[in-house]
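Chain letters run A, B, ... following the sequence lines, proteins first and then strands; every chain starts at 1.
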Amino acid sequence: MPELPEVEVTRRSIDEPLRDARVLGVRLGKPLRWPLGCRPESLVGARIGPVARRGKYLWMPMLRDPAADAGQAGGLLMHLGMSGSLSLSNLPPPAGAHDHFDLETSRGLLRLTDPRRFGAVVWSAGLDVAPAAGLLASLGPEPFDPALTPSTFHADLHTRRSPIKTVLLSGEVVVGAGNIYACEALFRAGIDPRLRAHLISRPRAARLLEAIRSTLAQALALGGSTLRDFRDAHGMNGEFQASAAVYGREGQACPVCGTTVRRLVQSQRSTYFCGRCQRR
DNA sequence: AGTTAAACCTGGTTGC
DNA sequence: TGCAACCAGGTTTAAC
């Protein structure tokens, strides 16, 4: 479910409601991708700081007041995997079969529901995202980072020989575009997803960067994409999927030229594209 | 070293 | 109706 827009929508839906909330308890369900990395009880008493995002990861600071608090300061690095979503509620229903992490706080219960359990909640000591860098080390720049320019983007693409679709999915050149938005951005940029990244010209790289930004920005404004089950922490679904030109539309007419949208498999993921609008 | 397959899981949909 | 096969928003790990 969650690419950058969905994760950011989620972040915005929990940041303010949980600000300065106290952790009252933790409940763990089945194992997620990685172990929590600390005793669940050790989180009790912490104060939740501003929730941040890096790529598709969320960072929730667990602050301590040194005066009368022996607990360790750090934070929780959270990932929604393929099927995860967070919900925040004052009257939560009993934990279901797919509810694998509950953070009981003074401002409601934050719950991670994740049927496939590709998601994660990992403790990391330290007050910033950076120390949790083990998992974040290979991430490329944020799509809206001003330091990411057509020049740097083009230079990075120039070092990759894989198909551009695969390179975008790797998140090593720019983070945030998953399968839906990589397909949509390539469509908007008029680039064939099979084109090897290093062969992309400077002007086309500039156009692709702009397409990635406009696609992610539009998705964010529409609350993300809800293909099956994505919801923000208040239960609101996204609306971007209705705006998708090619994703999930194999066999349908391209909205621009009418050519039949095709599907192919790259890196074991479906790629949707228009063979006429998108060129090598 | 760089690129590609396999793996982690569950559930919904499709087709015989 | 039953059951096998395939599909799904991600990312690490192992293998060419």
CD1-CG distance between Ile48(A) and Leu63(A), expressed to the nearest 0.5 angstrom: 9.0 Å

Classify the ring geometry of His98(A) against His100(A): parallel below 30°, tilted from 30° to 60°, perpendicular beyond 60°. perpendicular

Need one value for Ser270(A): base, sugar-phosphate or nothing, where a base atom within 4.0 Å counts as base even if backbone is also close, heavy atoms only. sugar-phosphate

Under 4.0 angstrom between Tyr247(A) side-chain N/O and dG9(C) OP1 or OP2: yes

With P as the reference atom in both, quote the distance from dG9(C) to dT3(B) in angstrom, rounded to an integer. 23 Å

Between dA8(C), dG9(C), dG10(C), which one does the side chain of Phe118(A) approach most closely? dG10(C)

Taking NE2 in His198(A) as the centre, count heavy atoms belonging to other residues, nucleotides or ligands within less than 6.0 Å. Is the count above 12? yes

Need one value for Tyr57(A): base, sugar-phosphate or nothing, where a base atom within 4.0 Å counts as base even if backbone is also close, heavy atoms only. sugar-phosphate

Counterpart base for dG11(B), defined by Watson-Crick or G-U wobble contacts under 3.5 Å: dC7(C)

With a 3.5 Å cut-off and heavy atoms only, can you find an N or O donor on one side and an acceptor on the other between the side chain of Arg116(A) and the base of dC9(B)? yes

Out of dG9(C), dT12(C), dT3(B), which has the shortest distance to the side chain of Trp34(A)? dT12(C)

Does the side chain of Ser162(A) get closer than 4.0 angstrom to OP1 or OP2 of dT4(B) through an N or O atom? yes

So, does Arg117(A) get its side chain near the phosphate of dT10(B), meaning an N or O under 4.0 Å from OP1 or OP2? yes

Counting just side-chain N and O atoms, does Arg269(A) come under 4.0 Å of either OP1 or OP2 of dG9(C)? yes

Quick one: is His98(A) getting a side-chain N or O under 4.0 Å of the dG11(B) phosphate, OP1 or OP2? yes

dG11(B) OP1/OP2 closer than 4.0 Å to side-chain N/O of Ser83(A): no

So which atom in Glu6(A) and which in Tyr181(A) form the shortest heavy-atom distance, rounded to 0.1 Å? OE2-OH, 2.5 Å

Hey, does the side chain of Lys30(A) come within less than 4.0 Å of dC9(B)'s phosphate (OP1/OP2), counting only N and O? no

dA6(B) to dC6(C) separation - P atoms, rounded to the nearest Å: 14 Å

Report yes if at least one side-chain N or O of Tyr272(A) is closer than 4.0 Å to OP1 or OP2 of dC7(C); otherwise report no. no

Any donor-acceptor pair under 3.5 Å joining the side chain of Arg33(A) to the base of dT12(C)? no

